[in-house]
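See structure below.
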Amino acid sequence: MVSNANHDHGMIESHPLEGTTYPPSAEFAASANINDPAVYWKAAEDPEAYWATQAKELHWHKPFTKTLDWSNPPFAKWFYDGEINVAYNCVDRHVEAGHGDRVAIHWEGEPGDTRKVTYEELLFEVKRAAVLLESLGVTAGDRVAIYMPMIPEAIVAMLAVVRLGAAHSVVFGGFSAESLRARIEDADAKLVITADGGYRKGKVSPLKPLVDEALALETGQKHNVKNVLVVKRGDNPVDMVADRDLWWHEEIAQVEAQHEAKGFNAENPLFILYTSGTTGKPKGILHTSGGYLTQAAYTHKNIFDLKPEVDVYWCTADIGWITGHSYLVYGPLANGATQVVYEGTPDTPDWGRWWSIIEKYGVTIFYTAPTAIRSFMKIGRQEVQKYDLSTIRVLGSVGEPINPEAWNWYHDVIGGGTAPIVDTWWQTETGAIMISPLPGLTSLKPGSAQVPIPGVTIDVVDDTGNHVGHGNGGLLVIQKPWPSMVRNIWGDPERFKETYWSQFGDQYFAGDGARLDDDGDIWLLGRVDDVMNVSGHRLSTAEIESALVGHTSVAESAVVGASDETTGQAVVAFVILKANQTELTEENAEAELKAHVAKHIGAIARPRQVFIVHELPKTRSGKIMRRLLRDAAEGRDIGDTTTLADTMVMQTISQRVRDERDAKK
Ligand code: WT7
């Protein structure tokens, strides 16, 4: 159970388990990339100078002389008179340094097919792809949408786009045609790169047909997509639209791998990544080049203690999420790492798949999410113990608080009782890790992300912005600008200011609750807004509600994130049907509405449960009291309902939830 997560009420009273701590072994500390504790005060003394030093680890086409411009908050500029090419930093410079033979990607397809891509081969592919994109009219300042499975071409496509100074918008392959279309429109993409499909759970899950559907939707708005480039992965039949659709393999065979990477301004847009907020419309989080790459590379190297010559790194995230961007593409490649990329799901053909991959490639650094760890805990350690995981030396966790039970299991069963676990807190908006232990320095506390990284200043404050002090809970704020920070919400600077910068002046409000323990270590307590965290993925209650009321038979809906043993939180919907509708019955409504949400947003948003109710709990002013619905969904007694317009509503709803639970027993 996630005992310390996600209660907007009771957050302050939460008592996480505190007990054993795990200092780094003398051996680990001795060879760690960072092992001098002075790093913290040195960075704190002059964070800008600290970050400038880190930025100089990258190759600059034109060196910067300015570090930070914060004269117009909240719009930051970092290293802003410098010029950089992000793709050059991720590929060319490693080849030029003589590491062309080093494996960049050990790719493992779900059916068992494999590919090994060295840095030299990666450079060849990225150059050809850049030439191809250029021939399709992509230039600096454009946006390209990428809707792809986890295959090497996805990484090649991202790097080719940014090599040209254009920006990508990667859309997770699990999103629906409608979600894809909304993102294509919002970013005004002129090209879509996709594949016929990708393997998931033993089957090809189609992608190109969804692109066709997305581009054909009548939305009342025009899109400007001129071409669709299609990588052939499966043998999934696709319709190619004349003059629009092109096969990647046919086109790329016709171009030469000759392409010079030019420098672009450090603040040139690098990518937009859409994430859920508190309204129905996803936010296009904008990241730029120099600062983002600096912090992605720095954190990847130092938090995972990467030794690029010998380590084999594996991050299980999909490129459709920020973790995939920062810790599968930009961080590892900027550092010249060798990594595993796996296409499929952890249970295909069986629950041993991940561990067999670790054994096969000798993975030394492994980064995954608590929800996955909890799934494996349910299956049992015997599935893991069939494999030799002795190469593992660092473990990472991301996406939600890792409960101490899962921490201990991860430590013992996957980490052999010795590998340090770095619990990394960050967000799509922060671009890179912000709070985490350093494995060569920090005495680990299971369940706590512990301390801001060097160069980052974080506080826990009360509603009025005052520091809460050790032993207390409150809201997490980031006090000073950091290099990989979100620069804007694409096309909506007002929403950007309002969402993150209106509560506490020019300190960034993260939307998370947190508590400081007696040592001042940070314990994350989950979101304090209407954002849910399901399997480490962010979903908005408002977005799912609006999908539900988009169904012709639905009058009203309220969605809550209820705690769930495996996924952290799960989507639970309460729905009122229209009085005169005849399509849905008590029997078919739940299945139909679950499918409706999956179709309109994507399978990740599919509710765990849908309750058909006759009334929703509302205050006299008409505001839905989601807190009460969450209490009901989590099986708690409903407390004070006197502020409700109709005090009987909750009794009926709680009874519905209890009946369903009893029926399952
Ligand atoms: C939200 C950000 C960062 C990549 C994955 C999710 C939660 C993330 C942790 C952690 C406690 C965490 C927060 C945050 N979160 N990592 N180590 N401990 N909570 O990115 O979709 O932008 O979601 O995930 O609530 O605000 P995201």
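Only this structure's heavy atoms are used, side chains among them; waters, hydrogens and symmetry mates stay out. Numbering of ligands and ligand atoms starts at 1, following listing order. What you see is a predicted model; the values in this text were computed from it and never measured.
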Original post:
Ion pair present between R181 and E178, side-chain N to carboxylate O less than 4.0 angstrom?
Top reply: no
Original post:
If you count the non-hydrogen atoms of other residues, nucleotides and ligands that lie under 6.0 Å from CZ in R495, is the total more than 12?
Top reply: yes
Original post:
Going by distance only, is there an N or O of A449 that falls short of 3.5 Å from an N or O of ligand 1?
Top reply: no
Original post:
Do W355 and F376 pass the ring-ring contact (aromatic ring centres under 6.0 Å, His included) test, and can you show the C-alpha distance, the side-chain angles, and the key distance before you say yes or no?
Top reply: CA-CA 11 Å; W355 321 116; F376 284 107; 4.8 Å; yes
**OP:** Say whether H537, considering both its backbone and side-chain N or O atoms, lies within less than 3.5 Å of an N or O atom on ligand 1.
**Re:** no
Subject >> D423 with K445: basic N within carboxylate O range, under 4.0 Å >> reply: no
Original post:
Ion pair present between R527 and E400, side-chain N to carboxylate O less than 4.0 angstrom?
Top reply: no
**OP:** Using the six-membered ring of F175, assess whether NZ or CZ of R183 lies under 6.0 Å from its centre and within 45 degrees of the ring axis.
**Re:** yes
**OP:** Just let me know how T424 lines up against ligand 1, side chain, backbone, both or neither, with a heavy-atom cut-off below 4.0 Å.
**Re:** backbone
Subject >> T275-ligand 1 polar pair, N/O distance under 3.5 Å >> reply: no
Original post:
For atom 10 (C) of ligand 1, what is the nearest protein heavy atom, given as residue, atom name and distance?
Top reply: E400 O, 3.5 Å
Original post:
Is it the side chain (CB and beyond), the backbone, both or neither of T430 that lies under 4.0 Å from ligand 1, heavy atoms counted?
Top reply: neither
Original post:
So, F496 versus F75, ring centres under 6.0 angstrom or not?
Top reply: yes
Original post:
Has G536 got any heavy atom lying under 4.0 angstrom from an atom of ligand 1?
Top reply: yes
Original post:
Near K77 NZ, under 6.0 Å, is it more than 12 heavy atoms from other residues, nucleotides or ligands?
Top reply: no
Original post:
By side chain to side chain contact (heavy atoms under 4.5 Å, CB included), which residues pair with R353, not counting sequence neighbours?
Top reply: E108, E110, Y342, P349, S356, I357
Original post:
With a cut-off of 4.0 Å, which atoms of ligand 1 are near a heavy atom of T323?
Top reply: 4 (C), 5 (C)
Original post:
Looking only at N/O atoms, are S397 and ligand 1 under 3.5 Å apart anywhere?
Top reply: no
Original post:
Backbone or side chain, does any N or O of D423 fall under 3.5 Å from an N or O of ligand 1?
Top reply: yes
Original post:
What protein heavy atom is closest to atom 2 (C) of ligand 1, reported as residue, atom name and distance in Å?
Top reply: W426 O, 3.7 Å
Original post:
When only distance counts, is R538 in polar contact with ligand 1, meaning an N/O pair under 3.5 Å?
Top reply: yes
Original post:
Heavy atom under 4.0 Å from ligand 1: found in T428's side chain, backbone, both, or neither?
Top reply: both
Ignoring hydrogens and angles, write down the donor-acceptor pairs under 3.5 Å from the side chains of residues 406-420, residues two or more places apart or on other chains.
unit_1	atom_1	unit_2	atom_2	d
N408	ND2	P404	O	3.2
Y410	OH	G396	O	2.8
T418	OG1	G415	O	3.4

**OP:** Just jot down the ligand 1 atoms closer than 4.0 angstrom to any heavy atom of N533, in number order.
**Re:** 7 (C), 24 (O)
Subject >> ligand 1 contact by G399, heavy-atom criterion under 4.0 angstrom >> reply: yes
Subject >> NZ/NE/NH1/NH2 to OD/OE distance under 4.0 Å, R393 and D305 >> reply: yes
Original post:
Any idea which protein heavy atom is nearest atom 25 (O) of ligand 1, and the distance to it?
Top reply: D512 OD2, 2.8 Å
Original post:
Which residue holds the protein heavy atom closest to atom 11 (C) of ligand 1, what is that atom called, and what is the gap in Å?
Top reply: P401 N, 3.1 Å
**OP:** Can you sort out which atoms of ligand 1 are near L524, meaning under 4.0 Å from one of its heavy atoms?
**Re:** 11 (C)
